[in-house]
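Data block below; observations after.
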Amino acid sequence: LLYPFSLRIYILPVKEEHELDTMAVVKVLADERDLTLFQLAQLCRVNYSTLKNAENRHDQLNVDTIERICNGLHMPMSAFFAVSERRNMR
């Protein structure tokens with residue numbers, strides 16, 4: 001049975017040339033605030049293992065995790081993606 005309006009989100013481990021490296025952005029945000037990845041995880045109420053696994057496996061973070069990081073750092077999600085522009089991370 002097909003639902004024409006269903007939304008499916010797929011997280012692919014392979015990064016395309018135009019794809020943003022979300023863990024690189026997280027590392028920049030942590031460095032700018034003199035935080036370790038562990039401290040950032042605690043501050044943003046994200047499991048540290050989520051960040052470390054994404055880093056070690058070169059995975060992308062999901063939207064929920066990015067949103068938690070942004071909320072924990074009191075920044076809009078647009079600022080998260082702007083980090084890649086100013087650091088040329090694409």
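Between Leu29 and Phe80, some side-chain heavy-atom pair lies under the 4.5 Å cut-off.
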Test His58 against Met23 for side chain to side chain contact (heavy atoms under 4.5 Å, CB included), laying out the working first. CA-CA 8 Å; His58 306 288; Met23 274 309 299; over 6 Å; no
List the steps, then state whether side chain to side chain contact (heavy atoms under 4.5 Å, CB included) holds for Phe81 with Val25. CA-CA 8 Å; Phe81 297 103; Val25 173; over 6 Å; no
Asn53 and Asp59: side chain to side chain contact (heavy atoms under 4.5 Å, CB included), yes or no, with the steps? CA-CA 8 Å; Asn53 287 338; Asp59 285 343; 6.0 Å; no
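Contacts classified as side chain to side chain donor-acceptor pair (under 3.5 Å) and involving residues 64-78 (residues at least two apart or in different chains) are given here: Asn62-Thr65, Asp64-Arg68.
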If you look only at distance, which donor and acceptor atoms sit under 3.5 Å apart when one is on a side chain in residues 35-51 and the other is two or more places apart or in another chain?
from	atom 1	to	atom 2	distance (Å)
Thr36	OG1	Phe38	N	3.4
Thr36	OG1	Gln39	N	3.0
Thr36	OG1	Gln39	OE1	3.4
Gln39	OE1	Thr36	N	2.8

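Looking only at distances, no side-chain donor or acceptor of Thr22 sits under 3.5 Å from a matching main-chain atom of Gln60.
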